[in-house]
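What follows is one structure encoded as structure tokens, with my remarks underneath.
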Protein chains: 2
Amino acid sequence: MYAALTLFAQKGYASTSVADILQAAGVNAGSLYHFFPGKQDVLLAVLDAYLRGIHPMLLAPAWKGVADPVERVFALLERYREHLVTTECTYGCPIGSIALELHEPDPAVRALLAANFAGWVSAIEQCFIEAGDRLPDDVDRRALAIFALTTMEGGVMVSRTDRTTDAFDDAVRMLRDYVNRLQLAVR
Amino acid sequence: MYAALTLFAQKGYASTSVADILQAAGVNAGSLYHFFPGKQDVLLAVLDAYLRGIHPMLLAPAWKGVADPVERVFALLERYREHLVTTECTYGCPIGSIALELHEPDPAVRALLAANFAGWVSAIEQCFIEAGDRLPDDVDRRALAIFALTTMEGGVMVSRTDRTTDAFDDAVRMLRDYVNRLQLAVR
DNA sequence: GTCTATAACCCGATAGAC
DNA sequence: GTCTATCGGGTTATAGAC
């Protein structure tokens, strides 16, 4: 299962064959097909694992020692940057990759992808909500959270293509400047 | 050729078989392989067509009747929104889709993807440069252009997953607010 | 240059013994 | 529940006549 999760993140869904999963997991075809009706059901399990792992596996490590809600947003983005660096900009967000890889996804798959995005956005939205009156009242907290997501996903996409963190860094720097200006506007 | 371009945009590269291309183009295998060594070379030709088409096919229509450099940025983003709407949010930017679909792209493919992003960014950067002193001096025009690209690509990604333009609209609205605040800051 | 037929390969999934 | 062998189908690319 975690073999599949790793392989999907590295190679994508379509490029990962069932044989690849079997070899990485050290199991045989019969075993896998005993637990999963097919390959797509493995993907569903992986996407469900990501969804349930948002808080314990993603946010908790990123926010360790970071209490300020606004800093938490950028601490999370910093995690993705580190992920880019450690993989030499070969892969970033597995959800985003799979979301664009599958052009006609099964409704169940698409629902889990959307749920993963929604979970991420809600967590960041909560940060901006907790920022309270540090942000202007009329700023849509949820839209700002979605903006953070699109900045991360777009930054990962371009950085992966360029094999440099430059685009990611530029985008995050601009987002930081925007949030700073919003905070200055309220003073 | 344009059959391949269309199919790659609709179904992606891997999911488009050579047989699909042959059928859509109304040609036979022998003809295609007479001009192209292999499927990847068709992709290279398509990516090259996108690159050379940035100005005549993408920017020119988007900027028709729009003279203001800042408005041109959002007029271009509006084109992508319309693309999402007309396809019921099933596909947005073909370059971004292919960029995330291919996890270990051939260097030539990756170079053309990067060139497409770079061409897009340079055009938008030029808009922000032409905006002159309407933007603060210390604002990095190129970084701002990259930010516009990541906003578009990230917005398309999430909107495609959600089958709603909401995420795209939220992201672009935030970008617009940022640019507005930058313009206000200079007064 | 264009056509048809097919080679060579890999895929997901299954059958059936144990 | 787990194993091995294999099926049926789709893939890219090629061979060879015209």
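What's counted below: heavy atoms across the whole structure, side chains too, no hydrogens, waters or symmetry copies. Note on naming: letters A, B, ... go to the chains in the order of the sequence lines (proteins, then strands), and numbering restarts at 1 for each one. In this text the structure is predicted, and so the values were computed from the model without any measurement.
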Shorter than 3.5 Å, N or O on both sides, protein versus nucleotides 2-4 of chain C: list them out with atom names.
from  : atom 1 : to    : atom 2 : distance (Å)
C/dC3 : OP1    : B/N28 : OD1    : 3.4
C/dC3 : OP2    : B/N28 : OD1    : 2.7
C/dC3 : OP2    : B/S31 : OG     : 3.3
C/dC3 : O5'    : B/N28 : OD1    : 2.8
C/dT4 : OP2    : B/N28 : ND2    : 2.7

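- Legend: residues meeting salt bridge (Lys or Arg N to Asp or Glu O under 4.0 Å) with B/R173, ordered by chain and number and at least two apart, are A/D140, B/D170.
- Axis deviation across the helix from C/dG1-D/dC18 to C/dC18-D/dG1 amounts to 10°, comparing end segments of five pairs, rounded to 10 degrees.
- Contact annotation: the side chain of B/D162 never approaches that of B/C89 to less than 4.5 Å [non-hydrogen atoms, C-beta and beyond].
- Note: NZ (A/K39) to C1' (C/dG12) measures 8 Å, nearest angstrom.
- By the rule that hydrophobic residues join a cluster once side-chain heavy atoms approach within less than 4.5 Å of another member, B/F117 and B/L5 end up as members of one cluster.
- Ring geometry for A/F8 against A/Y13 counts as perpendicular: the plane angle is over 60°, on a 0 to 90° scale with 30° as the lower cut.
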Counting only pairs under 3.5 Å, give me each side-chain donor-acceptor contact of residues 106-116 of chain B, with atom names and distances, residues two or more places apart or in other chains.
from   : atom 1 : to     : atom 2 : distance (Å)
B/D106 : OD2    : B/A108 : N      : 3.0
B/R110 : NH1    : A/T161 : O      : 2.9
B/N116 : OD1    : B/L51  : N      : 3.2
B/N116 : ND2    : B/L47  : O      : 3.2
B/N116 : ND2    : B/L112 : O      : 2.9

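- For the OP1/OP2 pair of D/dA13 and a distance below 4.0 Å, the side-chain nitrogens and oxygens of B/Y33 include at least one atom meeting the criterion.
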Atom pairs and distances, side-chain donor-acceptor, residues 52-67 of chain B, under 3.5 Å, sequence neighbours left out:
from  : atom 1 : to    : atom 2 : distance (Å)
B/R52 : NE     : B/D48 : OD2    : 2.8
B/R52 : NH2    : B/D48 : OD2    : 3.2
B/W63 : NE1    : B/R72 : O      : 2.8

Steps toward side chain to side chain contact (heavy atoms under 4.5 Å, CB included) verdict (B/Y33, B/V18): CA-CA 10 Å; B/Y33 283 101; B/V18 174; 3.7 Å; yes
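- Side chains of B/S17 and B/D20: a donor-acceptor N/O pair is present below 3.5 angstrom, by distance only.
- Interface residues of residues 6-24 of chain B facing DNA chain D, ordered by number: B/T16, B/S17, B/V18; criterion, heavy-atom separation under 4.0 Å.
- When the shell of 6.0 Å around CD of B/E82 is examined, it contains more than 12 heavy atoms from other residues, nucleotides or ligands.
- With a 4.5 Å cut-off on side-chain heavy atoms, A/R160 and A/S97 count as touching.
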